[in-house]
Amino acid sequence: MFYPWIWAKLPGGRLVKAVCALGLLAAAVVLLWYVVFPLVDAWLGLDEVTVTPSPDQL
Amino acid sequence: MVTDQAARPYQDEDDDDSWEPPSRRLSRGAGELMLTLGLVALLFAAYAVYGKAWQIEAEQAQVEARLDHTWAAPPGEAAAPVPGQPLARLHIPRLHRKWAVVEGVTQADLRKGPGHYPRTARPGEIGNMAVAGHRIPSVFWDLDRLKPGDPIVAETRSAWFVYRVTSHREVLPTAVEVIAPTPERPDAPPERAMLTLTTCNPKLQNWQRLVVFAELVRAQAKTDGRPPELK
């Protein structure tokens, strides 16, 4: 549904389409890795490694 | 593909975008969406383990270089540690690892490597030198493999401080007494030189903290060479 639609929109013959598709894939991975994942990671709080007072101890 | 079409007349429907039963369009779309989400989740797992580890390794290289540079310069007046700047090096021979420890435990500090809790003891001092680090492969991933008696060596500009692991504990994230000068009796005045490492537990989760306690057994001036524990 989505992927055939993108494929149809890509210009050129099969080879050009394939190269464009790879480019899009790489762009998506870079965007996720450097922008989306750091935000998600901070939001999940999986990188909390310190001991901190609980709110009622403060 | 072209030869297949002759054998499977219904294939034509797939290739022809003009018409497809709505139910099939919908299930195809759902399938694509789920596959995509699955791949994104896998990629996120890779990021959580390796991506962050690589980032920290890159930052560590810079911090290490800065520490060497600082130590190479003639000693100035003993200034308080600067947040975000390296203050010591920590060696754990059992894990074959060493890091430059930075001052501070904010997220920004911990992206550079292990961080020293502000206002806790400095290497070799009486009290508790507390250090936090991420539970990722380039930092404290294998901290649970430390056994009692294993050496942890803190290196400063002028000396080596050899600590030995005494115990480890799993505590709740609010257990601030583990970084108190005397963890067993948080209100008592400091009497021993201790080292405490904290990281998250279980791996890749955050509802507990893994805490490793060590106690100073020996100090050695840099002029006396490397301690045998590091050979």
Quiz item: How about R111(B) and P38(A): do any of their side-chain heavy atoms sit closer than 4.5 Å?
Solution: no
Quiz item: Heavy-atom distance under 4.5 Å to chain A: side chain of R135(B), backbone, both or neither?
Solution: backbone
Quiz item: Parallel, tilted or perpendicular: which describes the rings of F37(A) and Y47(B), with under 30° parallel and over 60° perpendicular?
Solution: tilted
Quiz prompt | Validation row: V36(A), F44(B) side chains within 4.5 angstrom (heavy atoms) | solution = no
Quiz item: In terms of heavy-atom proximity below 4.5 Å to chain A, should V40(B) be classed as side chain, backbone, both, or neither?
Solution: both
Self-check item: Shortest non-hydrogen contact between L32(A) and L43(B), atoms and distance
Solution: CD1-CD2, 4.0 Å
Quiz item: Relative to chain A, which of L26(B), N201(B), T199(B), V211(B) shows the most heavy atom pairs under 4.5 Å?
Solution: T199(B)
Quiz item: Which bit of F140(B) is near chain A, if near means a heavy-atom gap under 4.5 Å: side chain, backbone, both or neither?
Solution: neither
Quiz prompt | T36(B) side chain near Y3(A) side chain, heavy-atom distance below 4.5 Å | solution = yes
Quiz item: Where does V178(B) contact chain A at under 4.5 Å (heavy atoms): side chain, backbone, both or neither?
Solution: side chain
